[in-house]
There are 2 protein chains.
Amino acid sequence: MRIGDAAAAIGATPRALRFYEQRGLLSPPRRTRSGQRDYTAEDLAVLRGIRYLLGLGLTVEDLAGLADRLPLLAARPPGPCRPDEPGEPAIIGTTVVRRRIAALDAEIERLTRLRDALREGLAPIPAGEPSPAAGVSPPRRR
Amino acid sequence: MRIGDAAAAIGATPRALRFYEQRGLLSPPRRTRSGQRDYTAEDLAVLRGIRYLLGLGLTVEDLAGLADRLPLLAARPPGPCRPDEPGEPAIIGTTVVRRRIAALDAEIERLTRLRDALREGLAPIPAGEPSPAAGVSPPRRR
DNA sequence: CTTGCCCCTGACCCGCGGGTCAGGGATTAG
DNA sequence: CTAATCCCTGACCCGCGGGTCAGGGGCAAG
């Protein structure tokens with residue numbers, strides 16, 4: 001299956017598939033004699049898993065760190081993950097996922113505070129220099 | 001007052017001050033004969049207002065749309081804003097602020113759903129193409 | 001006069017998940 | 001054979017709030 005059809009099958013674009021490959025989320029698919037990418041059904045399953053996890057809020061970088069487990073996840077019989085089972089792909093419960101949840105929590109709290117401050121109305125503008133940690137610019141990770 | 005001192009006084013950088021000026025948040029300050037920017041106390045007050053509102057979550061673009069009201073806000077005696085008073089700078093209660101609050105609400109809800117899905121554990125990967133509206137990529141405004 | 005710090009403008013850089021183009025080759029239908 | 005459609009790589013683009021550099025001028029102290 002060539003890249004255009006594969007992309008359409010999972011609801012993505014050819015560009016996205018090449019991008020995932022470049023970032024190491026997906027092992028490079030076979031090529032035809034003329035150099036065109038040829039995706040197998042297993043590749044499609046892995047790609048669906050990638051899209052699913054991205055949709056859950058994980059980043060491309062997160063998934064690059066889990067790349068070796070992604071085929072296992074895709075091959076696993078459907079059903080909720082049991083992180084404590086040995087042999088589970090253990091995507092959930094990994095450090096990456098816990099960190100992402102913590103990051104989401106922090107971001108949610110930050111936005112909630114902002115919204116409340118804005119809703120509260122305009123308090124007097126503090127005279128001194130605003131605390132630099134007040135974060136006028138969004139958090140630059142790493 | 002030259003730009004370095006002005007920036008230090010409000011807890012920003014010279015670059016940020018030039019940036020606000022370029023984006024129309026701040027009316028261009030006077031220049032010395034040699035072309036250096038010279039900030040007055042009123043300029044500093046407006047700048048503090050800008051930093052404060054940015055810290056509340058408004059964007060530079062939002063403030064550019066309110067630029068004419070910012071000096072009024074800075075000159076106003078301190079105290080909470082009463083949006084219904086005539087003559088108030090009426091920053092709060094303007095369309096811009098309501099839109100920003102709505103945007104924050106939407107973003108908070110989106111992140112909350114993501115976090116819950118991630119916390120929930122790994123549901124089976126849906127077989128079909130993931131709904132393209134599921135927003136694997138963050139919302140591209142406008 | 002020199003040294004050292006400040007200021008000027010213009011231009012490119014960041015993260016993130018790709019979109020979009022440019023220039024060239026492959027595949028397929030008619 | 002030709003035309004249409006696909007695919008390849010490499011490079012630049014987006015928003016956002018500035019950071020950082022490059023190359024040149026200003027200004028005060030010693």
Side-chain angles (χ1 to χ4, degrees), chain A residues 1-8 10-26 28-39 47 50-64 100 103-104 107 111 114 130 132 134-142, chain B residues 1-8 10-26 28-39 47 50-64 100 103-104 107 111 114 130 132 134-142:
Chain A
M1 197 179 208
R2 292 191 296 170
I3 197 172
D5 295 331
I10 66 162
T13 63
R15 173 65 166 106
L17 269 58
R18 295 189 195 106
F19 179 71
Y20 299 150
E21 181 183 335
Q22 190 205 340
R23 295 300 177 96
L25 273 63
L26 179 69
R30 285 177 314 183
R31 301 284 187 127
T32 65
R33 288 172 307 287
S34 63
Q36 300 194 187
R37 290 173 181 80
D38 188 21
Y39 293 87
L47 279 168
I50 289 170
R51 295 287 285 185
Y52 177 70
L53 293 171
L54 286 177
L56 280 185
L58 296 180
T59 69
V60 167
E61 196 183 357
D62 289 341
L63 296 190
R100 186 58 48 193
L104 283 170
E107 185 69 1
L111 292 182
L114 280 179
V136 52
S137 46
R140 202 75 67 196
R141 309 198 206 280
R142 251 174 300 279
Chain B
M1 196 178 212
R2 291 190 298 171
I3 197 171
D5 295 332
I10 65 162
T13 63
R15 173 66 167 106
L17 269 56
R18 296 189 195 106
F19 180 72
Y20 299 150
E21 180 183 336
Q22 190 205 340
R23 296 300 176 95
L25 273 62
L26 179 69
R30 286 178 314 184
R31 299 285 187 127
T32 65
R33 289 172 305 288
S34 64
Q36 302 196 189
R37 289 174 180 80
D38 187 22
Y39 293 86
L47 279 169
I50 289 171
R51 295 287 285 185
Y52 177 70
L53 293 170
L54 287 177
L56 280 185
L58 296 181
T59 69
V60 168
E61 197 183 357
D62 289 341
L63 296 190
R100 186 57 48 194
L104 283 170
E107 185 68 2
L111 292 182
L114 280 178
V136 52
S137 45
R140 203 74 66 198
R141 310 198 206 280
R142 256 175 296 281

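Per chain, numbering begins at 1; letters A, B, ... match sequence-line order. Note that the structure is predicted; figures quoted are calculated from it, not measured.
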Are any protein N/O atoms closer than 3.5 Å to N/O atoms in nucleotides 25-27 of chain C? If there are, list each pair with its distance.
from, atom 1, to, atom 2, distance (Å)
dA26(C), O3', Ser34(A), OG, 3.0
dT27(C), OP1, Ser34(A), OG, 2.8

Item checked: Length of the CG-P vector between Leu58(A) and dG15(C), whole Å -> 19 Å

Notebook entry, point to check: CZ of Arg100(B) to CG of Leu114(A): how many Å apart, nearest 0.5 Å?
Noted result: 10.5 Å

Item checked: Spacing between Leu63(B) atom CG and dC16(D) atom P, to the nearest angstrom -> 13 Å

Margin query: In this structure, how many angstroms lie between the P atom of dG19(C) and the OH atom of Tyr20(A), rounded?
Written below: 8 Å

Next item on the list: Using atom CG of Asp5(A) as one end and atom P of dC6(D) as the other, report the distance to the nearest whole Å.
Entry: 9 Å

Checklist line | the helix from dC1(C)-dG30(D) to dG30(C)-dC1(D): angle between end helix axes, five pairs per end, rounded to 10 degrees | finding: 30°

Next item on the list: Please name all residues satisfying side-chain hydrogen bond (donor to acceptor under 3.5 Å, both in side chains) with Arg37(B), sequence neighbours left out, ordered by chain then number.
Entry: Glu21(B)

Note to self: Any side-chain N or O of Thr13(B) below 4.0 angstrom from OP1/OP2 of dG18(D)?
What the structure shows: no

Next item on the list: Measure from CD on Gln22(A) to C1' on dC12(D) and round the result to the nearest Å.
Entry: 14 Å

Checklist line | Partners meeting side-chain contact (heavy atoms from CB on, under 4.5 Å) with Leu63(B) (sequence neighbours left out) | finding: Leu25(B), Ile50(B), Leu53(B), Leu54(B), Leu58(B), Leu66(B)

Check: For Asp38(A), what residues pass the side-chain contact (heavy atoms from CB on, under 4.5 Å) criterion, not counting sequence neighbours?
Finding: Arg30(A), Thr32(A)

Checklist line | d(CD1, Ile50(B); C1', dG18(D)) in whole Å | finding: 14 Å

Check: Do you know which two heavy atoms are closest between Ala7(A) and Pro14(A), and how far apart they sit?
Finding: CB-N, 3.5 Å

Notebook entry, point to check: Distance check: side-chain N/O of Arg51(A) vs OP1/OP2 of dG17(C), anything under 4.0 Å?
Noted result: no

Notebook entry, point to check: Between dC8(C) atom C1' and Asp38(B) atom CG, what is the distance in whole Å?
Noted result: 15 Å

Margin query: Holding to side-chain contact (heavy atoms from CB on, under 4.5 Å), I want the full list of residues that pass it with Ala12(B), two or more places apart in sequence or in another chain.
Written below: Ile10(B), Ala16(B), Leu17(B), Arg51(B)

Between the protein and nucleotides 9-11 of chain D, which nitrogen or oxygen pairs come in under 3.5 angstrom?
from, atom 1, to, atom 2, distance (Å)
dT9(D), OP1, Arg31(A), NH1, 3.4
dT9(D), OP1, Arg31(A), NH2, 3.1
dT9(D), OP2, Arg37(A), NH1, 2.9
dT9(D), OP2, Arg37(A), NH2, 2.9

Next item on the list: Report the residues that fulfil side-chain hydrogen bond (donor to acceptor under 3.5 Å, both in side chains) with Thr13(A), sequence neighbours left out, ordered by chain and then residue number.
Entry: none

Checklist line | Between dG19(C) (P) and Ile3(A) (CD1): distance, integer Å | finding: 12 Å

